[in-house]
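Here the structure is laid out as structure tokens; the discussion comes afterwards.
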Amino acid sequence: MNGAAYVRSAGVVLGGALSFTVANSSLIPLAVPLFTVFVLVGVAVSELMSPRPSRSGQPTAQLAARDVDAYLPPGARAHLRWLGLAVLVAVPPIAVQIGANPLALAGQFGGREAMLRLAPTAAILACWCLLARHLLRRIAEAGHAGLDPQHLVADEAWRRRASRLVLGTTGVLLSGTLAGAMFYYSQRAWLVFVGGWGWWMFILLTLGLTAFLVFAHYLHLLIHPGPSGVVSAVARQQEPAEAVA
């Protein structure tokens, strides 16, 4: 891994550790927002460290609209929609069940208060998903850096890497929220306060581990989105001669 990949990894690790720590306190509503902030800061800093795609000095406008899916793995956006639906369906009932426990570390609270405590999580995930959709469109629709073959190849590589980075970030935030909620509920709520070990515990852990595997898939995309589009120094030196010719 290069330095930028280590920075993105550090954002996920530190954000996850802080999120789990906060989840075991009365500040549990801030768990997912803090995780999101650390992940996004890690991505932003890593992008500042990464080389930018070289420009030919003759930017060109696109002649035809590009498809966002052309720069993503097959079915990637559909998979994200299903993942978002899973978060929407699973996390609110888990929050209600956690709040119903009289010995919960965050204090006992009812269903309405559970929804209020989920508001920061819902707001920050919704905002990022809207921003990610906008970023994917901007990446796909931006004009070419030039028409020479070297710049075209570098331009396509940069678009593919940037799109996969947005995809990986979104998947990590959604699947991390889902997996964290399931593991927290199965270990803290169900095992200690409800029923102990049994078939329900097995089902909860199976679902949690499935969500964790999805998290691992998107984490790989986040850490290794692909090579950045950089034109070699030799190609850049040839540009003035080609322009004169």
Side-chain angles (χ1 to χ4, degrees), residues 8-36 38-39 73 75-76 78-111 113-115 117-122 124-126 128-129 167-224:
R8 290 192 291 270
S9 302
V12 175
V13 171
L14 294 177
L18 181 60
S19 177
F20 184 80
T21 302
V22 169
N24 288 277
S25 70
S26 60
L27 300 176
I28 189 173
L30 300 179
V32 173
L34 287 174
F35 176 65
T36 303
F38 270 77
V39 171
H79 296 160
L80 272 186
R81 293 190 190 100
W82 283 108
L83 179 57
L85 180 62
V87 173
L88 186 63
V89 170
V91 173
I94 290 176
V96 172
Q97 292 299 319
I98 290 175
N101 293 316
L103 299 179
L105 294 174
Q108 188 176 11
F109 47 87
E113 188 175 353
M115 294 299 101
R117 294 191 177 207
L118 274 180
T121 295
I124 197 165
L125 289 181
W128 168 251
C129 287
L167 172 67
T169 302
T170 307
V172 162
L173 295 179
L174 293 176
S175 59
T177 300
L178 183 61
M182 287 185 172
F183 278 116
Y184 182 91
Y185 177 59
S186 63
Q187 295 298 313
R188 291 290 181 181
W190 182 266
L191 176 62
V192 177
F193 304 126
V194 183
W197 292 97
W199 283 109
W200 280 109
M201 184 69 178
F202 174 77
I203 293 173
L204 286 172
L205 288 177
T206 300
L207 294 175
L209 286 172
T210 302
F212 180 77
L213 288 178
V214 176
F215 174 81
H217 166 70
Y218 286 109
L219 182 62
H220 176 74
L221 279 178
L222 174 64
I223 297 176
H224 300 289

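Note that the coordinates shown come from a computational prediction; the quantities given were computed from them, not determined experimentally. These values consider heavy atoms only, across backbone and side chains, with no hydrogens, waters or symmetry-generated copies.
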Where is the tightest heavy-atom contact between [X] and [Y], given as atom of each residue plus distance?
X: V22; Y: A31; value: CG1-N, 4.0 Å
X: S19; Y: V32; value: OG-N, 4.1 Å
X: P92; Y: L118; value: CA-CD1, 3.6 Å
X: S175; Y: V214; value: CB-CG1, 4.0 Å

Donor-acceptor pair, distance only, cut-off 3.5 Å: does the side chain of [X] make one with the backbone of [Y]?
X: Y218; Y: T169; answer: no
X: R117; Y: P29; answer: no
X: R8; Y: V39; answer: no
X: H79; Y: G75; answer: yes

*Describe, in one word, how the ring planes of F183 and F212 are oriented to each other, choosing from parallel (under 30°), tilted (30 to 60°) and perpendicular (over 60°).*
perpendicular
From [atom1] ([X]) to [atom2] ([Y]), nearest 0.5 Å:
X: T36; Y: L174; atom1: OG1; atom2: CG; result: 9.0 Å
X: T177; Y: L83; atom1: OG1; atom2: CG; result: 9.0 Å
X: I223; Y: S9; atom1: CD1; atom2: OG; result: 3.5 Å
X: L219; Y: H224; atom1: CG; atom2: NE2; result: 8.5 Å
X: L30; Y: F35; atom1: CG; atom2: CZ; result: 15.0 Å
X: T21; Y: L27; atom1: OG1; atom2: CG; result: 11.0 Å

*Go through the steps to decide whether V172 and F215 satisfy the test side chain to side chain contact (heavy atoms under 4.5 Å, CB included), and finish with yes or no.*
CA-CA 6 Å; V172 162; F215 174 81; 3.6 Å; yes
Beyond-backbone contact of [X] with [Y], side-chain heavy atoms, under 4.5 angstrom:
X: Y184; Y: I94; result: no
X: H217; Y: L213; result: no
X: V12; Y: F38; result: no

_Is a donor from one side chain sitting under 3.5 angstrom from an acceptor on the other, for W128 and T170?_
yes
